[in-house]
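These numbers were taken from a predicted model, which means no experiment stands behind them. Labels below follow one simple rule: chain letters A, B, ... track the order of the sequence lines, proteins then strands, and each chain is numbered from 1.
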Amino acid sequence: MNLRKYLKVYNKFLHTSLASELEYKTNILVDLITAILSLIGSIFLLSIFFQNNGYIGGWKFEQALIIQGIYTILNGITNTWFNPNLTEIVKHIREGTLDFVLLKPIDSQFFISLKKINPSGFLEIMLGLFLLFFCIRINQINLNISFLTLSLVTISCSICILYSLWFFISTTTIWFVKTWNAIEVLRSFLYIGRFPLNSFSFSLRIFFSVFIPIAFITTIPSEVFLGLSQMWKILLEVIVATVFLITSRKFWLFALKYYSSASS
Amino acid sequence: MISNLINRKIITLLKVQYSNMLEYRVEIALWAISGIIPFFMLNIWTNNNLNESINISDVMLSRYFLCAFFVRQFSVVWVVFSFEEDSLMGKVSPYLIQPLNPFFRYFAQHIAEQITRFPFALIIAFFFFIFNPESIWIPNLGILLLSIVSTFFSFLIQFLIQSIIACLCFWTEKASSIERLLFIPTLFLSGLLAPVVSFPAYVKSWIYLTPFPYLIDFPANLLSGNETNISGGLSMQILWIFLLLPLFKKIWSEGTKKYTAMGS
């Protein structure tokens, strides 16, 4: 793998897709307003949960806001990178243009996962970061090196898991052609990531940590923020993320063997 | 004579769309699954005893969320996305020549999809009752009929709102981002995630004047047997339909005047 070549290619991707997205300026503006309203809505919903009990699942409101912040950042990343690219796979396969991707002298997974970018997700990432900084203040978290590295590690692991989940479902397009609704199912499950895992019943907790590791994605990084997280949980998240990444890669290569282009 | 003709047209459209939808049964099943968010919400509510604050028993709350799931299943609308695709692909032009407003076609599509989805929704409800056997109840016939009517009204309101947005395609090409913007209040204020009774007073003071509580909260309360103002709710639904219908007609006629086929 030639890293410099890939960086250069990615730079080009960024330029072209930004240029094409910026053509729809009002569209971006509407998306920005949507992101703000969506965050307000989530906080409103959360405040309803905390109306009389001070706690849900052992989390205080200020602490649950951290989860909301991390969720918003991850959702922003999903909207910026995963959603525009991985929904494109469906189009590639339906129209047979995956052939062109495979013929390029560049890794097909790299091309397919990073070709496009949707700039309106940036604001969501910013909003999430802003909320996180606010949470750091109201929860009186003191920033130190170990905290910063641990939170960076866990959040990057969350991104990897999230990416793998999306990529996994998109890859099944090679067999099923239309996976739009499967992605909707994933989205609705991911919605759970807005709430602390402990606020669910035991059986759902098991489901969301074993079968679909949504729990890992937001809860563990938030626990790191609060300094509550045990080392084994962080290690587990790293392992899960690695397994997911490797499997998604293997699965892609495996799926490509079954790919026959649309016209052949 | 004329009504006979319209009837025949509608029946034919429905038949065509129903057989079309049957082809995608798996997809529709997935779509039904993606609507289970209310059950996750129910889990948070009961697991944290949040219902004590709003004086609703666990059983009534679980019925409420089950009904919210059902109402949502039969009032989901996606006209904007269909229309946007058709308009970008240039498919709208042939529709416009036909002596039938193309929105009837989309309308039939939605109804056919609901019929296809019905068995899947029943299966999900069946599983719900296995896990929550104490919440089984049989609504009386009158209530059942009224709630079917009000669910249909809810569908109609959403269909009209989305059709109005879809007509904006004549001006902006990308109307789906406006739809996403409007989806946010629908998600948080309709009662899908939390019953409207639980909202703080400063929201309750104005929310009943907006169409949102009548989309899910009102029909779900009606069907589940929770306390609700039946005549008030129904008349508000009818009022909104009569407000939106002329608006849609107006914007449609303006839009078609403005319309230039893609590529011309």
Contact origin within B:Leu181 toward chain A - heavy atom pairs under 4.5 Å: both
Could you tell me whether the side chains of A:Ser158 and A:Glu237 share a donor-acceptor contact shorter than 3.5 Å? yes
Once ring pair (Phe, Tyr, Trp, His ring centres under 6.0 Å) is applied, do any residues pair with A:Trp252, and if so which ones, sequence neighbours excluded? A:Phe167
So if I take each residue of residues 196-216 of chain B and look for any heavy atom under 4.5 Å from a heavy atom in chain A, which residues do I end up with? B:Ser198, B:Phe199, B:Pro200, B:Tyr202, B:Val203
So if I take each residue of residues 32-45 of chain B and look for any heavy atom under 4.5 Å from a heavy atom in chain A, which residues do I end up with? B:Ile33, B:Ser34, B:Ile36, B:Ile37, B:Phe40, B:Met41, B:Asn43, B:Ile44, B:Trp45
Does A:Pro119 offer a backbone N or O that forms a donor-acceptor pair with the side chain of A:Glu21 under 3.5 Å? no
When the ring centroid of B:Phe155 is compared with that of B:Phe74, is the distance short of 6.0 Å? no
Counting N and O atoms only, with roles assigned by atom type, does the side chain of A:Glu124 sit under 3.5 Å from a partner on the main chain of A:Ala35, one being a donor and the other an acceptor? no
Let me know if A:Phe200 has heavy atoms under 4.5 Å from chain B in its side chain, its backbone, both or neither. both
Does the B:Asn47 side chain pair with the main chain of A:Ser199, one donor and one acceptor, at a distance under 3.5 Å? yes
At a heavy-atom separation under 4.5 Å, does B:Leu182 approach chain A through its side chain, its backbone, both, or neither? neither
For A:Ser42, is it the side chain, the backbone, both, or neither that has a heavy atom closer than 4.5 Å to a heavy atom of chain B? both
If one checks every heavy atom of A:Ile48 against chain B at 4.5 Å, the contacting part turns out to be side chain
So what's closer than 4.5 Å to chain B heavy atoms on A:Phe49: side chain, backbone, both or neither? both
Between B:Trp31 and B:Trp78, is the gap from one ring center to the other below 6.0 Å? yes
With no hydrogens and no angle check, is any side-chain donor or acceptor of A:Thr97 less than 3.5 Å from a backbone partner on A:Ile93? no
Contacts of type ring pair (Phe, Tyr, Trp, His ring centres under 6.0 Å), residue A:Phe211, not counting sequence neighbours: A:Phe207
Honestly, the part of A:Leu37 sitting under 4.5 Å from a heavy atom of chain B is both
In terms of heavy-atom proximity below 4.5 Å to chain B, should A:Asn27 be classed as side chain, backbone, both, or neither? both
Checking A:Leu45 against chain B: side chain, backbone, both or neither under 4.5 Å from a heavy atom? side chain
Can you see which heavy atom on B:Gln114 is nearest to which on B:Gln73, and at what distance? CG-O, 4.5 Å
With chain B as the partner, which of A:Ile33, A:Thr34, A:Thr26 has the greatest number of non-hydrogen pairs under 4.5 Å? A:Thr34
Side chain of A:Glu62, backbone of A:Asn139: donor and acceptor closer than 3.5 Å? no
Can you classify the ring geometry of A:Phe189 versus A:Phe208 as parallel (below 30°), tilted (30 to 60°) or perpendicular (above 60°)? perpendicular
Scanning both residues in full, the closest heavy-atom pair of B:Phe65 with B:Pro195 reads CZ-CD, 3.8 Å
Using the ring of each side chain (for Trp, its six-membered ring), is A:Tyr258 parallel, tilted or perpendicular to A:Trp175, with breaks at 30° and 60°? tilted
